[in-house]
Amino acid sequence: MKSVRLGAFVIMSVAAAAFGQTLQAAEDVAAQDTPLDAGGSITVTWQASPDEAGGKAQVIAYEVWRATRAAGDYKRLGEVEPGKGSYEFTDEKAENGVEYFYKVRARGEKMSTDAAPAGPVKATAEWFYPDRLNMLVASVLLAAFVLYYISQARAGKELFIRRIAGLEAVQEAVGRATEMGKPVLYVPGIADIDDIQTIAAVTILGRVATMIAEYDAALLVPCSRSLVMSTAQEVVKEAYLEAGRPDAYRRENIRYLTDDQFGYVAGVDGIMLREKPAANFYLGTFYAESLILAETGHSIGAIQIAGTAMPSQLPFFIAACDYTLIGEELFAASAYLSREPRLLGSLIGQDLGKVIILIFIIAGVVTAFLAQFGFELFGRSIALEQLFVVK
Amino acid sequence: MRREIPMIVAFVAGVIIILEFFVPALRSVAAQIQKWYLVVIAFAILVGAFNLLRINYMKIRRRRADWPYSIPLIAGLFAMAIIGIGWGIEEGTVFDWLFNYLIFPMSSTVFALLAFFVASAAYRAFRARTVDATLLLVAAVVVMLGQVPIGSAWVPPWWPDWLVFLTPDWLKDRIMDIFNTAGQRAILIGASLGVVSTSLRILLGIERSYLGEE
Amino acid sequence: MKFVRWLADIDRRIIFLVIAVAVVIPLIFPLGMRVKVTPQTESIYKEVENLPPGSNVLVAFDYDPAAAPEVHPMALAFLRHCFTKKHKVIIMALWPQGAQMAVSAMADVGKEYDLVYGRDYVNLGYKPGGDIVIKSLGASFPEVFPADMAGEPTAGLPILAKVRNLKDIDLVMDLSAGDPGIPAWVRVANALYQRRVAGGCTAVSAPQFFPYLQTGQLVGLLGGLKGAAEYETVLAYAGKASRRMDAQSIAHLVIILFIIFANISYFILRRQREEKREGPRTGPVASA
Amino acid sequence: MLGTWIAALLTLCILSFLYKDNPFYKFAEYLFVGVSAGFWIAYNYHNLLLPNLIYPLKGAFVVLLTEGRLDLRWLTIIAGLLGVTMLFRFFPKAAWVSRYGIAFSVGLGAGLMFIVYLQANCIYQIWGTVKLSPVVITAGPGGWHVDWPTSVSNTLLIVGIVSALVYFYFSKEHKGVLGRTARLGIWFLMVSFGAAFGYTVMARISLLIGRMEFLIEDWLKLAVIAPIQGALTSLGLL
């Protein structure tokens with residue numbers, strides 16, 4: 001198909017030349033390595049042929065041709081429709097390190113004209129997004145804060161963490177279940193293990209499971225993802241071992257139901273109605289199922305502790321559960337329950353991050369206010385917001 | 001060694017993904033390993049399915065309470081999996097029919113249970129016991145009224161503009177724009193710090209309980 | 001007093017029954033109330049209205065039948081608007097059942113317009129991977145979707161001749177029921193490729209997207225059934241969403257009445273000093 | 001028709017849960033868990049396993065046979081190996097092998113979330129906040145004017161965000177100024193939760209409307225009443 005069209009075009013071009021008409025070429029043709037990519041791509045840009053806007057001859061299309069020598073045999077890569085004024089074409093099939101030349105051909109009805117070739121140009125992979133410097137600074141700073149306080153904690157520095165009511169209640173809930181001789185139900189959310197909230201939930205499960213093993217209550221963990229189930233089994237086994245009760249570990253109590261959101265909810269509701277747990281934990285990523293679980297849990301009289309960073313589901317847990325860990329508190333829970341210095345240290349690092357953010361917010365608000373009166377700093381208008389644009 | 005090498009695997013995978021954000025050259029590498037994860041999930045689901053089947057099989061064999069219900073479970077699982085893998089899952093297949101007339105109605109009915117639970121939770125929780133509960137209650141009622149046409153139906157057409165702040169419509173928009181944005185934003189920022197430090201702890205092997213015992 | 005105590009601790013099944021009745025009655029006997037259009041809806045309408053005819057609009061069907069009662073009417077209204085304005089509509093889905101929702105939407109809307117498949121609209125079908133898919137669209141459409149939903153090659157379709165990658169899309173409309181959805185489109189299509197992104201979502205997820213509206217990452221937002229009814233109102237036609245709003249109104253009133261009863265009984269009982277001491281189980285306790 | 005009946009009966013089975021646990025709900029629940037688990041197995045097979053493992057390897061194998069060279073797609077074998085480690089969970093003694101698959105997934109997730117949360121939820125949200133001026137001034141014909149509505153709303157937003165962030169401050173006891181600010185933060189959070197709750201009610205009622213429409217329109221009217229009418233008509237009774 002392509003070769004047929006090409007053949008037809010050669011004939012037309014010859015015919016037009018014979019009639020002595022002219023078609024002006026595209027202007028300002030330039031080729032450069034496509035910025036910020038993994039290589040393998042060159043961007044060709046040009047301006048419209050002067051004939052395009054009401055000239056003698058009409059431009060039907062701009063064709064982009066490529067060769068490895070300026071005078072070499074050009075191969076057609078593709079074409080772009082006219083009508084825009086300035087054009088861009090991305091050659092995605094360039095090999096890294098090879099020098100290329102690009103020609104833009106303005107194709108008219110009866111003839112075509114080539115612009116002078118642009119090049120040589122090489123495709124390369126870039127090693128840094130300059131626009132993302134702010135993200136890099138933020139990442140490095142936060143990481144540094146967290147690591148600094150972890151090392152402080154390791155060195156034996158006393159670290160204070162405020163009371164988190166929801167976590168104080170964990171022991172009470174487990175104790176109650178033990179007294180009543182009923183199981184504890186732990187729902188680690190419905191996301192898979194690549195979700196950090198699930199990972200947080202599973203690490204908290206480890207701390208809770210140690211407590212449960214010590215109290216000798218039963219623990220039920222229905223999972224909606226195989227990977228979560230597998231991880232939960234490892235974590236709970238380890239917890240029972242740590243508590244010196246490896247015999248009490250029941251692998252079959254940490255079970256998979258289904259990946260399906262509502263199928264899973266139906267299953268967990270069934271477990272609640274029949275096993276009648278005295279304490280329910282809902283920690284991790286939750287979507288609509290939050291309230292179905294929490295209301296069913298309430299109807300069987302269980303004490304309920306929830307925690308999620310999903311802003312849309314927090315209201316339901318707040319309304320239907322006894323205690324709710326809000327957002328960041330979920331991520332603090334594992335550190336809080338274990339009291340392990342290294343984990344506590346990372347919490348303090350987070351707090352320092354928060355202080356910096358608050359300082360930025362206040363400084364930004366002040367400068368936004370001043371900017372209205374045309375205040376300038378270092379000869380530039382002071383707009384802190386520019387620092388937070390990530391491309 | 002049973003923990004160290006997996007920890008290195010986790011570290012390498014995570015660091016590549018983080019670096020890819022800053023280093024364009026790593027893009028295809030990162031895209032590749034993200035695909036690998038999909039393969040791991042595909043294998044893992046077999047583990048889950050086996051677990052589900054085993055527990056229900058044991059239930060039937062040992063005639064535990066409610067054992068007869070395990071039969072439709074096992075039959076349903078095999079039917080769906082075999083039909084889907086064997087004959088495809090596109091529109092118009094048996095698999096699609098089963099989805100439309102078995103899974104979909106049950107799924108959306110479980111979802112719809114929320115209409116009832118929203119009411120019962122509101123009835124129980126929205127009582128003006130404390131300042132917190134009162135704020136929760138007032139905001140919820142105002143927004144609920146502002147949401148539906150009937151909420152502002154009592155406002156007469158000649159209602160003066162300077163009293164607009166007394167209409168549920170207006171109040172709802174302000175509450176959503178100001179209070180809701182403020183609250184959600186604080187949660188988002190706070191949680192992101194928690195996520196960053198949790199990620200770091202995992203990648204650096206400080207938090208490793210997910211790997212189980214030594 | 002006995003009644004007040006009964007009211008304070010009502011069997012929740014009575015609440016359930018009342019809710020069911022409140023929803024069913026208006027469905028059978030509609031009331032025909034009017035909805036007020038919010039700025040978030042208005043701005044999507046204007047966005048579509050102001051695009052020159054023939055603009056490329058990408059509509060992502062990221063929802064499944066479960067969210068259809070809310071989101072599907074939005075899809076119908078938005079598609080109608082696009083086709084009335086003669087825009088080209090490129091349909092895709094990040095949710096497995098989204099592509100089929102699109103088929104059913106086109107079956108409804110398509111017959112009202114003189115549309116040619118491949119020229120006026122295309123259904124590219126479903127692609128798993130969320131963010132990653134959108135990111136790849138930034139590079140190339142044909143590479144991500146070598147074939148459309150029916151398995152036909154997309155290479156020859158006139159509508160895709162002008163759409164090579166996301167940069168050729170004038171407006172993205174994401175109809176979303178969860179994840180992947182609006183955040184993914186905002187994160188990638190808007191943040192990385194500076195596309196205009198509008199959203200339609202279930203009412204539950206709407207509040208979390210208000211910050212996006214404020215930062216301009218989202219052009220506009222249709223929130224839940226009300227958003228759909230509002231869009232029907234600006235387009236001046238009465239669809240399913242408008243009828244369902246009546247049932248909404250009654251159900252909302254009923255729930256508010258329940259809340260009022262609950263509080264009345266609570267205050268009467270408290271005055272009688274019958275209220276038990278507040279334990280952890282008696283209400284919303286946020287860790288403070 | 002058969003489908004509508006099955007769907008309607010299953011809908012009623014699930015709804016019966018609202019009254020209390022009963023054999024109908026139990027049946028629907030077990031069936032639901034089973035069929036949906038099967039659904040996701042088939043789904044993952046078609047959408048995850050085939051395109052990400054089988055097809056690339058098949059393609060690479062063809063290239064090896066026809067052109068005799070190895071291409072990058074062979075790297076997909078690593079994915080296969082990681083996947084296979086998960087299958088070791090079938091053997092409790094060797095279950096630890098699955099840690100490779102788990103660790104890979106956890107590490108990948110940690111890396112992805114690190115960036116995603118930092119960018120979309122942290123930096124962007126700060127960006128949306130730092131540009132707010134607590135007092136908005138506009139230049140008008142008679143000099144500068146204060147735009148009161150926007151000013152009040154901006155001020156409230158800033159106060160709300162700052163105080164709610166203070167609530168999440170862990171390393172000091174919430175007493176004194178800190179305590180009062182955190183308290184204010186909680187109030188903002190509570191209003192935000194109440195609002196989100198109220199806003200959601202609508203969505204939930206919508207879902208019920210959807211189910212009820214199905215029961216009334218598709219099932220009662222078309223699958224129950226219409227055939228009865230038809231039968232009566234054909235018998236000459238109507």
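This one's a predicted model, so the numbers in the text were calculated from it and none came from an experiment. Below, chain A is the first sequence line, B the second, and so on; all start at residue 1. Both backbone and side-chain heavy atoms feed into the values below; hydrogens, waters and symmetry mates do not.
- Counting non-hydrogen atoms of other residues, nucleotides and ligands closer than 6.0 Å to CG of B:L163 gives a total above 12.
- Proximity to chain D is limited to the side chain of B:L203, based on heavy atoms less than 4.5 angstrom apart.
- Ring orientation note: the planes of B:F95 and D:F39 are close to parallel, at an angle under 30° on the 30°/60° scale.
- When every heavy atom of B:F179 is checked against every heavy atom of D:S192, the shortest pair comes out as O-CB, 3.6 Å.
- Within the 4.5 Å cutoff, the side chain of B:Y101 has no heavy atoms near those of the D:L10 side chain.
- Of the two parts of B:I202, only the side chain, counted from C-beta on, holds a non-hydrogen atom closer than 4.5 Å to a non-hydrogen atom of chain D.
- Taking D:L112 as the reference, B:I17, B:Q34 meet the side-chain contact (heavy atoms from CB on, under 4.5 Å) condition, with sequence neighbours excluded.
- With respect to chain B, the highest number of heavy-atom pairs below 4.5 Å among D:I41, D:L48, D:I115 belongs to D:I115.
- Inter-residue side-chain proximity for B:T130 and D:M190 is flagged as unmet; no heavy-atom pair is nearer than 4.5 Å.
- Listed here is the closest heavy atom pair of D:A195 and B:I175: CB-CG2, 3.5 Å.
- For D:F104 and B:Y37, the gap between ring centers reaches or exceeds 6.0 Å.
- Between the NZ atom of B:K35 and the CG atom of D:L75 there is a distance of 11.5 Å, given to the nearest 0.5 Å.
- Looking only at heavy-atom pairs under 4.5 Å with chain D, the residue among B:N56, B:I41, B:I187 that has the most is B:I187.
- Just one residue in the list B:V138, B:N180, B:L135 forms a side-chain contact (heavy atoms from CB on, under 4.5 Å) with D:V191, and that residue is B:L135.
- Under the 4.5 Å side-chain criterion, counting only non-hydrogen atoms from C-beta, D:L49 is in contact with B:F43.
- In this structure, the separation between CZ on D:R73 and CD on B:Q32 is 10.5 Å, given to the nearest 0.5 Å.
- B:R174 and D:S153 share no donor-acceptor pair across their side chains, judged by distance under 3.5 Å alone.
- Of the listed residues (B:Q184, B:R185, B:M144), the greatest number of heavy-atom pairs within a distance under 4.5 Å of chain D belongs to B:R185.
- Considering only heavy-atom pairs separated by less than 4.5 Å from chain D, the leading option among B:F99, B:F78, B:F22 is B:F99.
- Taking the six-membered ring wherever Trp is involved, the centroid distance between the rings of B:F21 and D:F114 does not fall below 6.0 Å.
- Using modelled atom types, no side-chain atom of D:H46 and backbone atom of B:E90 make a donor-acceptor pair closer than 3.5 Å.
- The nearest pair of heavy atoms linking B:W36 to D:L82 is CE3-CD1, 4.3 Å.
- Contacts of B:A79 with chain D are absent, with no heavy-atom separation under 4.5 Å from either backbone or side chain.
- Contacts of residues 207-219 of chain D with chain B at a heavy-atom distance below 4.5 Å involve D:L207, D:L208, D:R211, listed in sequence order.
- Contact of D:L156 with chain B is made through backbone and side chain together, with heavy-atom distances under 4.5 Å.
- Only the side chain of B:L52 comes within less than 4.5 Å of a heavy atom of chain D; its backbone N, CA, C and O stay farther away.
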